[in-house]
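Have a look at the structure below before the remarks.
Just so we're on the same page: letters track the sequence lines, and every chain starts at 1.
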2 protein chains.
Amino acid sequence: MQTGSTKTSNEQPRRARTRVTIADVANHLGVTKSTVSRALNGYTDISDSTRLRISRAAERLGYRPLSHAQAIRTGRVRSLGLVLQVDNEDSARPFLADFIAGVTQAASAENWTVTIATAETERGVQETLSRLVDEHKADGFILPRTRSRDKRVEALRAQDIPFIMFGRTEDPSGCSWYDIKGEDAMRAATARLASQGHRRIAHVPGGSEYTYSKLRIDGYRDGLAAAGLSIDPALITSPAITHDAGEAATRSLLMLAEPPTAITFAVDRAALGAYRVAQDLRLRIGSDFSVIAYDGIPEGAYANPGLTTFAVNSRQAGDRLASLLIKRIRGAAPEELRELAPATLVERGSDGPPRLTPAELAQCLKDKQKT
Amino acid sequence: MQTGSTKTSNEQPRRARTRVTIADVANHLGVTKSTVSRALNGYTDISDSTRLRISRAAERLGYRPLSHAQAIRTGRVRSLGLVLQVDNEDSARPFLADFIAGVTQAASAENWTVTIATAETERGVQETLSRLVDEHKADGFILPRTRSRDKRVEALRAQDIPFIMFGRTEDPSGCSWYDIKGEDAMRAATARLASQGHRRIAHVPGGSEYTYSKLRIDGYRDGLAAAGLSIDPALITSPAITHDAGEAATRSLLMLAEPPTAITFAVDRAALGAYRVAQDLRLRIGSDFSVIAYDGIPEGAYANPGLTTFAVNSRQAGDRLASLLIKRIRGAAPEELRELAPATLVERGSDGPPRLTPAELAQCLKDKQKT
DNA sequence: AAAGTTCCCGAAACCGGTTTCGGCAAGAGG
DNA sequence: CCTCTTGCCGAAACCGGTTTCGGGAACTTT
């Protein structure tokens, strides 16, 4: 019974609702499609009067070109790609909404859109990215959380596909980026603590695969050096980006024979782990020992005392990233599209002059352990 | 010097990187484009052997059809649209990442993508939505946070564009939805508190323009009725969805001559405001008065005592919404695509048997006020 | 063996835009 | 007055797919 061209899949015929096409505009004015197209796209071989007539008519008829119809010839879909890694641990990203708002806002301003995708693993991100590339779902990509050696960067660079990093990377050739100066923030944090009188200042770094982690350690080191303090490798723990890991790192630091009176954390979430330690050991954060972190997550404001931190403006970051990427897609050289912005210090209660010296703190902890 | 067809805009010629097209596959096998197209799209008038040959060759050559090239004829871009309202107040949406992960995951599974956009105002959302519709950037839309009377719904319904709501609405004709049974959760919350011995149980509703708010109030009322408790209009406050508003609502309830010993909140964030009141008045949440809320935001776990709440699975919601929407786009009747799922109770420490009667609580508060 | 089906697939139109090419007309130059 | 530009726009090809139409070959049926 089947009559040749019967489809098996359950797709429904597209609805017949008619759109205003470029041909409608052309017919309406008695010109050709090509004239309309060139008039609307800024070609110079169209007289001003004609251009005006056409753009008016297009406006009045409500003509909106289909970007996918344009894309077939131009190769541009006017869309930015964003592939997020959402693993189970830190899937709760409080500033994601802001970040996306920034990206989409800048994109809409140029009449572009944003194509978003997620994956759980690094490998999954790679695959998703390459699918979007293969199907040309986006003209360029925003790469958040860049690693020192980043496969996404390598793949896109090799294929000469426009991209911009939120973060920096080891080999910057052909790369554009927007990043927050985490190194400056950590330098400032260390300087601030030193000026408060701290002499032993520790650092809990972030994930070692990420570029930011190295940069923040550098900043921490620079800050110590500038304050004339020596660098004690024992005061730099293993990486910690979660609540639990931050708690463990804090504990290990306080166990030291000569414990630090201040700790800088590369990420807020780890710093919040220190609060649990303080509660456990009945220490007051901000006097018994101080904490300064980085990120600016909202939970930091609810902590008690509030977490002093260097906050990043996620919305602005998204906005700048999208703007720069569009420029890149339009042909700007990648080397011209590199921007750094500062984090802003949010002073709350988690830091202050040390009540005790390291030796006294050690003694105090030993006493508490007995009881 | 300009030679006629010079463009003024700064667009760069698209890069010449060649893709594998359908013609390449066809030539490679000595068949026509149309045969390849039909073979790959499941038409029945292609012999199995040919179909196999073609799909193998396509695979081997790495052929991926351009969705925008397909779209020009089919009218389908294989993309789901999602327009979020990101206002300044609650822009920090902790489950957004999960929600997006769910949506994109279900979309990718069908080889679809997700086009995301944001706006700050209700009006902005409307405009963004209509821009996406006009440019046909998506084949259908996911509408989060539906209102009782929702302009987005009316607009899309009028134009017969597929959509699905996360939430319900007043006039369900032509609507599909996925929603969490907030009414059941509130009924269960009230029942739970009643069984703990509470006799005066209050409710702090969410934004009155949203459908969920009305439903949760209904659930609260049903719960009271089922427990044989009377409904006191004084125990239903004005809407509160922020920390501050929740704090104010709590204060007003405790000021009552006969205050409630338990409060149900339509949203977690408002419930967290109650903690500030408790701290202020030196009341213990979970014994002096109890709190049960709804949402399952992560901050609830950090509160002290932990917030007992009905949590929604955002990831699953996103997943189901995307799946249902795709079915809708493929032609399923909207009435068949309606799903409800339960919220799950997360028992923490914010509720328990009342230590005091309402009268005693009032007295206690009066005493504290004196000192 | 002729006629009618059924199974496959090629040819060509089509979707809605963009871009190339060429030509007419008006203005400039000699 | 004739030629040479220059400005402006139409005709048609083109992008990469999908879909319609029709027809040849093989297979039944009578």
Main chain of [Y], side chain of [X]: is a donor-acceptor contact present, judged purely on distance under 3.5 Å?
X        : Y        : answer
A/Asn41  : A/Arg38  : no
A/Arg152 : A/Pro144 : yes
A/Arg51  : A/Ala39  : yes

Can you check the [X] [atom1] to [N] [atom2] distance for me, whole Å?
X        : N      : atom1 : atom2 : value
A/Tyr63  : C/dG16 : OH    : P     : 10 Å
B/Asn41  : D/dG16 : CG    : C1'   : 13 Å
A/His68  : C/dG17 : NE2   : P     : 8 Å
A/Ile54  : D/dC8  : CD1   : C1'   : 11 Å
B/Glu135 : C/dG17 : CD    : C1'   : 13 Å
B/Leu66  : C/dG17 : CG    : P     : 18 Å
A/Ile22  : C/dT18 : CD1   : P     : 5 Å
A/Arg19  : C/dG16 : CZ    : P     : 8 Å

When you compare the protein's N or O atoms with those of nucleotides 10-13 of chain C, which come within less than 3.5 Å of each other, and at what distance?
| unit_1 | atom_1 | unit_2 | atom_2 | d |
| --- | --- | --- | --- | --- |
| C/dG10 | OP2 | B/Thr32 | N | 3.3 |
| C/dG10 | OP2 | B/Thr32 | OG1 | 3.2 |
| C/dG10 | OP2 | B/Thr35 | OG1 | 2.4 |
| C/dG10 | N7 | B/Arg38 | NH2 | 3.1 |
| C/dG10 | O6 | B/Arg38 | NH1 | 2.8 |
| C/dG10 | O6 | B/Arg38 | NH2 | 3.2 |
| C/dA11 | N6 | B/Ser34 | OG | 3.2 |

State, without any angle test, whether [X] and [Y] hold a side-chain donor-acceptor pair at a distance under 3.5 Å.
X        : Y        : answer
A/Lys137 : B/Ser67  : yes
B/Thr115 : A/Thr113 : no
B/Thr169 : B/Thr146 : no

What's A/Ser37 touching, base or sugar-phosphate or nothing? Going by heavy atoms closer than 4.0 Å.
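Contact class for A/Ser37: base.
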
Most 5' of A/Ala23 and B/Asp48 on DNA chain C, judged by nearest nucleotide:
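Residue closer to the 5' terminus by nearest nucleotide: B/Asp48.
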
State whether B/Thr50 places a side-chain N or O below 4.0 Å from either non-bridging phosphate oxygen (OP1 or OP2) of C/dC9.
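Yes.
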
Per the end-axis method with five pairs at each terminus, what is the bend angle of the helix from C/dA1-D/dT30 to C/dG30-D/dC1, to 10°?
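Rounded value for the end-axis angle: 50°.
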
According to the interplanar angle, ranging from 0 to 90°, do the rings of A/Phe166 and A/Tyr178 count as parallel (below 30°), tilted (30 to 60°) or perpendicular (above 60°)?
tilted

Quick check for you: to the nearest 0.5 Å, what is the distance between B/Asn27 atom CG and B/Lys33 atom NZ?
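Here the rounded value is 10.0 Å.
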
Heavy-atom closest contact (B/Ala57 atom, B/Leu29 atom, distance)
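Distance-wise, the nearest heavy atoms are CB-CD1, 3.7 Å.
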
